[in-house]
> 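Once you've had a glance at the structure underneath, I'll fire off some questions.
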Amino acid sequence: DRFMVQGGDFEFLNGKGGYSCLSGKQFLDDESFSMPHDQEGRVSMANRGQPNTNGSQFFITLAATPHLNKKHVCFGQVVQGMETVHAMVQVERDTSTNQPVPMQRIVIVDCGLGKGEEEEEEEETHYYCDSSSSDDSRRKRRREKRKERRKSHKKKKKKKKRKSRRHRYDSDSSSEDDERRRKKRRKKKEEKRST
């Protein structure tokens, strides 16, 4: 029944938009048809049914789809987490048309080998696809993470304030020698101004 999941329409968010951000033109040319759609997890460019009409949309196959060979540029393979891709199919559907309800947000997170600091901080704002009924617990975990992040941010802010206060206090209560040096410098500046 369902042979793929599709995404990448950042323009209209309904599967009808998107364009190439790489080439400076609306569509990318077909590059190569060397990788076949011979198994689940193939990542491929969606097009508008014509050659050389690749935009920003892509799809991931759920099974072998040989009928797509030489029509869509296949450029990758899901190597881990195929259960998540299958869970994406379980999104809410319109009962009359059996089509997915528009505007459900599924974001691919942590899809590479490395993970930078910025990605770790942003991770909380993403939505995860899961067909189980643990949505409430996931939301609760995200809320708790946000609270923890706010608390740590407030602590850092307070720590900075304390440091700056301590620094001001330390500089005000400097030794008598430092005070004498400051007076001498002021005196010299005043003498230069008067001459």
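Just so it is clear, the structure is predicted and the values come from calculations on it, not from any experiment.
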> What's the separation between atom CZ in Arg2 and atom CG in Asn98, rounded to the nearest 0.5 Å?
5.0 Å
> Write down the atom of Gly15, the atom of Asp9, and the distance for their closest heavy-atom approach.
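Looks like N-OD2, 2.8 Å.
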> For residues Ser56 and Gly18, report the shortest heavy-atom separation together with the two atoms involved.
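The answer is OG-CA, 3.2 Å.
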> Does the Ser20 side chain pair with the main chain of Gly55, one donor and one acceptor, at a distance under 3.5 Å?
no
> Do any side-chain atoms of residues 28-36 form donor-acceptor pairs under 3.5 angstrom with protein atoms, and if so which ones, sequence neighbours left out?
unit_1	atom_1	unit_2	atom_2	d
Asp30	OD1	Asn54	ND2	2.8
Asp30	OD2	Asn52	N	3.0
Ser32	OG	Ser34	N	3.1
Ser32	OG	Ser34	OG	3.0

> Which pair of non-hydrogen atoms, one from Gly49 and one from Thr53, has the smallest distance, and what is that distance?
N-OG1, 4.2 Å
> Tell me whether the rings of Phe59 and His37 are parallel (<30°), tilted (30 to 60°) or perpendicular (>60°).
parallel
> Once you round to the nearest 0.5 Å, how far does CZ of Arg185 lie from CZ of Arg182?
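CZ of Arg182 is found 7.5 Å from CZ of Arg185.
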> May I have the step-by-step check of side chain to side chain contact (heavy atoms under 4.5 Å, CB included) for Val43 and Phe75, ending in yes or no?
CA-CA 6 Å; Val43 184; Phe75 63 89; 3.4 Å; yes
> Using 0.5 Å steps for rounding, measure from the NZ atom of Lys71 to the OG atom of Ser44.
12.0 Å
> For Tyr19, I'd like to know if atom OH has over 12 heavy atoms of other residues, nucleotides or ligands within 6.0 Å.
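It does not: Tyr19 OH has 12 such atoms or fewer within range.
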> Nearest 0.5 Å, please: how far is CZ in Phe58 from CG in Asn47?
14.5 Å
> For the residue pair Asp38 and Ala64, what are the closest heavy atoms and their distance?
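For Asp38 versus Ala64, the nearest heavy atoms are O-CB, 3.5 Å.
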> First locate atom NZ of Lys183, then atom NZ of Lys188, and finally report the distance between them rounded to the nearest 0.5 Å.
16.0 Å
> Determine yes or no for a side-chain-to-main-chain donor-acceptor pair under 3.5 angstrom, with His72 supplying the side chain and Ala46 the backbone.
no
> Say you draw a straight line from CG of Leu68 to CZ of Arg42; how long is it, rounded to the nearest 0.5 Å?
12.5 Å
> Where the side chain of Glu191 meets the backbone of Arg186, is there a donor-acceptor pair that is under 3.5 Å apart?
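Between the backbone of Arg186 and the side chain of Glu191 there is no qualifying donor-acceptor contact (under 3.5 Å).
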